[in-house]
Amino acid sequence: MNKNLLLDELKKFINSEYNIILIDGPWGSGKTYLLNEYIDTLNQDEVKVYYVSLHGMKNIDEINTNLYMKVHKNAITSTSIIPNVINPFNEEVDTKKTIEYLLKINKLHANKIVILDDLERYASSDYDAFLSYLTSLIGTGAKIIVVSNLLDFGSSELYLFNQYKEKIFDRIYKAELFDKDLLLKKFKDYEEFVTPAIIDLSKDNYRIVEKIVHFLKEIEEKLEKEGIKIEKSFKKDFLYYVTMFISTYYESRRAYLNKVCIRLLPEEEQYIKNRTDSEASFLDVNLIVIEHLNYKLEKPSLKEDYKMFLGLYRAYMYSDYQELINFIQK
């Protein structure tokens with residue numbers, strides 16, 4: 001579902017018969033941006049919104065504690081645990097109403113929305129307890145939006161989740177939020193140099209693009225202090241190198257998944273190894289260069305590519321720009 005359609009569905013949510021919905025989409029696809037846009041459409045005097053990330057949480061007591069702290073700011077210390085039997089909204093839960101609500105018999109007036117993000121990073125698979133807890137929140141007039149990237153579930157976790165999803169969620173929306181025009185705008189000063197290859201390497205992932213743009217800005221600021229300006233004729237290639245580096249470092253493993261791909265010669269790998277300071281650094285840069293070769297499907301001037309990616313790696317990982325500066329000056 002594209003952004004506009006999903007936003008329309010979210011706008012209807014507070015007055016709908018649905019109580020708990022799931023928004024599923026890959027990392028960096030714009031789910032958080034969409035939710036923030038949705039929250040801006042709500043009347044904050046009538047509907048309160050509480051956001052909790054499930055990342056690293058092990059049970060519903062931890063969820064309840066985090067939600068309690070959002071509702072009652074500064075009421076407890078970060079080391080306190082608020083068990084789930086204590087309602088974070090300080091309201092009596094009518095068991096009869098809660099059961100009726102779950103069965104879609106009774107409709108309570110919803111006046112708050114609880115957003116539970118990062119379901120794939122929740123460390124418990126006790127979905128019976130999870131459902132029971134969400135039902136208790138609904139009983140106080142809350143609507144629940146759960147956000148997840150189901151692709152990040154392990155096979156066993158996903159199998160178990162699929163057994164429960166019908167019981168937990170009234171609707172599951174597949175978020176397909178990629179907007180090419182928005183992605184182009186995110187490249188800012190480099191927008192005119194964005195090619196189909198750059199869009200492909202960006203993986204339809206806004207966070208990857210933001211990392212690319214941020215790194216470009218850091219490099220340009222460092223070069224400016226050295227009295228160096230990136231020439232316009234080099235910007236297209238430079239954008240490609242930075243995009244390939246960031247994309248491979250965070251996302252892509254295509255080179256090692258392909259059955260047939262271009263590999264580096266032993267002497268080429270040795271060249272990289274001699275210029276990196278650890279086995280981990282060597283493997284990272286080696287992978288980036290292999291990915292680059294397979295993406296280009298040609299053997300360019302490897303010595304130059306090595307230097308570029310080594311320079312980018314040292315700048316990104318260690319804030320050591322000297323190798324990169326030397327390459328760009330040349």
key: Euclidean distance, Leu131 CG relative to Ile60 CD1, rounded to 0.5 Å   = 10.5 Å
inquiry  = I want to check a possible cation-pi pair here: Lys143 against Tyr18, using under 6.0 Å from ring centre and within 45° of the ring axis as the test.
reply    = no
key: Value rounded to 0.5 Å, distance of OH in Tyr190 from CG in Leu184   = 16.0 Å
ask   = Would Lys307 and Glu323 pass as an ion pair if we require N to O under 4.0 Å?
value = no
request  = Please round to the nearest 0.5 Å and tell me the distance separating atom CG of Leu183 and atom NZ of Lys186.
outcome  = 8.5 Å
ask   = Are the side chains of Leu116 and Leu134 in touch, meaning some heavy atoms are under 4.5 Å apart?
value = yes
query = Out of Ile144, Ile39, Ile23, which one pairs with Ile115 under the side-chain contact (heavy atoms from CB on, under 4.5 Å) rule?
reply = Ile39
note = Only one of Thr32, Val146, Val52 passes side-chain contact (heavy atoms from CB on, under 4.5 Å) with Asp117, and that residue is Thr32
message = For Tyr313 versus Ala280, what's the shortest heavy-atom pair and its separation?
response = OH-O, 4.3 Å
request  = Examine distances only and state if a side-chain atom of Ser247 and a backbone atom of Met244 form a donor-acceptor pair shorter than 3.5 Å.
outcome  = no
Heavy-atom side-chain proximity of Ile219 to Leu312 below 4.5 angstrom = yes
query = Out of curiosity, does Ile168 fall in the hydrophobic cluster containing Tyr159 (side-chain heavy atoms, cut-off under 4.5 Å, transitive links)?
reply = no
ask   = For atom CZ of Phe234, is the number of surrounding heavy atoms from other residues, nucleotides or ligands below 6.0 Å larger than 12?
value = yes
message = Test your reading of the model: is there a side-chain donor-acceptor pair from Ser132 to the backbone of Ala129, 3.5 Å cut-off?
response = no
query = Side chains of Lys232 and Glu192: closer than 4.5 Å at any heavy-atom pair?
reply = yes
ask   = Can you tell me if Asp170 uses its side chain to pair, donor with acceptor, with the backbone of Ile20 under 3.5 Å?
value = yes
inquiry  = Has Lys211 got a side-chain atom pairing as donor or acceptor with Ile246's backbone, closer than 3.5 angstrom?
reply    = no
task = Return yes when atom CG of Asp237 has more than 12 non-hydrogen atoms of other residues, nucleotides or ligands closer than 6.0 Å, and no otherwise.
result = yes
inquiry  = I'd like to know whether CD of Gln163 has more than 12 heavy-atom contacts from other residues, nucleotides or ligands below 6.0 angstrom.
reply    = yes
request  = Examine Leu283 and Tyr250 and state if one hydrophobic cluster contains both, with Ile, Leu, Val, Met, Phe, Trp and Tyr joined whenever side-chain heavy atoms are less than 4.5 Å apart.
outcome  = yes
query = Side-chain donor-acceptor pair under 3.5 Å between Glu218 and His214, yes or no?
reply = yes
request  = Show the numbers, then the answer: is there a side-chain contact (heavy atoms from CB on, under 4.5 Å) between Ile272 and Phe309?
outcome  = CA-CA 10 Å; Ile272 297 176; Phe309 287 120; over 6 Å; no
Minimum heavy-atom distance between Tyr33 and Lys3, given as atom pair plus value = CE2-NZ, 3.8 Å
message = Go through it in stages, so that I can follow the logic: the residues are Leu201 and Thr248, the test is side-chain contact (heavy atoms from CB on, under 4.5 Å), and I'd like the CA-CA distance, side-chain angles, deciding distance and then a yes or no.
response = CA-CA 8 Å; Leu201 289 168; Thr248 306; 5.8 Å; no
query = Tell me, do Pro26 and Asn205 make a side-chain contact under 4.5 Å, heavy atoms counted?
reply = no
query = Within a reach of under 6.0 Å around NZ of Lys185, are more than 12 heavy atoms found that belong to other residues, nucleotides or ligands?
reply = no
note = For Tyr68 and Pro88 the tightest heavy-atom approach is CD1-CA, 3.6 Å
key: Spacing of Leu54 atom CG and Glu120 atom CD [to the nearest 0.5 Å]   = 9.0 Å
request  = Establish, from distance only, whether the side-chain atoms of His292 and Tyr240 form a donor-acceptor pair under 3.5 Å.
outcome  = yes
inquiry  = Could you check whether Lys167 makes a cation-pi contact with Tyr164, meaning its NZ or CZ is under 6.0 Å from the centre of the six-membered ring and within 45° of the ring axis?
reply    = yes
Smallest separation among heavy atoms of Arg314 and Arg275, with atom names = NH1-O, 4.5 Å
message = Between Asp200 and Pro196 (side chain of the first, backbone of the second, donor and acceptor by atom type, cut-off under 3.5 Å), is there such a pair?
response = no
message = Go through it in stages, so that I can follow the logic: the residues are Asn326 and Gln322, the test is side chain to side chain donor-acceptor pair (under 3.5 Å), and I'd like the CA-CA distance, side-chain angles, deciding distance and then a yes or no.
response = CA-CA 6 Å; Asn326 292 341; Gln322 196 55 54; 3.0 Å; yes
inquiry  = Centroid separation under 6.0 Å, is that true for the rings of Tyr316 and Phe245?
reply    = yes
key: Chi angles and distances behind the ring pair (Phe, Tyr, Trp, His ring centres under 6.0 Å) call for Phe161, Phe153   = CA-CA 9 Å; Phe161 172 80; Phe153 272 74; 5.3 Å; yes
inquiry  = For Leu10, is there any backbone N or O sitting under 3.5 Å from a side-chain donor or acceptor partner on Tyr38?
reply    = yes
request  = Using the side-chain contact (heavy atoms from CB on, under 4.5 Å) rule, pick out the option among Val147, Leu151, Leu150, Leu119 that qualifies with Asp24.
outcome  = Leu150
key: Donor-acceptor pair between Gln270 and Asn274 side chains, under 3.5 angstrom   = yes
task = Work out which heavy atom in Glu9 is nearest to a heavy atom in Met1; give both atom names and the distance.
result = CG-SD, 4.0 Å
task = Side-chain contact test, heavy atoms from C-beta onward, threshold under 4.5 Å: evaluate it for Phe238 versus Ile328 and give yes or no.
result = yes
inquiry  = Please evaluate residues Phe187 and Ser202 with respect to the criterion side-chain contact (heavy atoms from CB on, under 4.5 Å), reporting the C-alpha separation (whole Å), side-chain torsions for both, the decisive distance (0.1 Å), and the verdict.
reply    = CA-CA 11 Å; Phe187 276 102; Ser202 299; 3.7 Å; yes
key: Stepwise side-chain contact (heavy atoms from CB on, under 4.5 Å) check, Lys235 with Leu239   = CA-CA 6 Å; Lys235 277 196 169 185; Leu239 176 61; over 6 Å; no
request  = Taking atom CD of Glu191 as the centre, report whether more than 12 heavy atoms of other residues, nucleotides or ligands fall under 6.0 Å from it.
outcome  = yes
inquiry  = Using a 3.5 Å distance criterion without hydrogens, assess whether the side chain of Asp284 forms a donor-acceptor pair with backbone atoms of Tyr249.
reply    = no
ask   = Hey, is Asp152 close enough to Arg121 for a salt bridge, meaning N to O under 4.0 Å?
value = yes
ask   = Cation over ring, Lys236 on Phe193, under 6.0 Å and within 45°?
value = no
query = Which is it for Glu220 and Lys217 under the salt bridge (Lys or Arg N to Asp or Glu O under 4.0 Å) test, yes or no, and what are the steps along the way?
reply = CA-CA 5 Å; Glu220 289 191 333; Lys217 183 179 178 181; over 6 Å; no
ask   = Are Tyr122 and Phe130 close enough that their ring centers fall under 6.0 Å?
value = yes
Phe169 side, atom CZ; Lys165 side, atom NZ - distance, nearest 0.5 Å = 10.0 Å
query = Under a 4.5 Å cut-off applied to non-hydrogen side-chain atoms, are Asp305 and Tyr241 in contact?
reply = yes
key: Exercise: identify the closest heavy-atom pair between Phe215 and Ala315   = CZ-CB, 4.1 Å
ask   = When you measure from the side chain of Lys112 to the backbone N and O of Thr140, does any donor-acceptor pair fall under 3.5 Å?
value = yes
remark   = Rounded to the nearest 0.5 angstrom, the NZ-CG distance for Lys222 and Leu324 is 11.0 Å
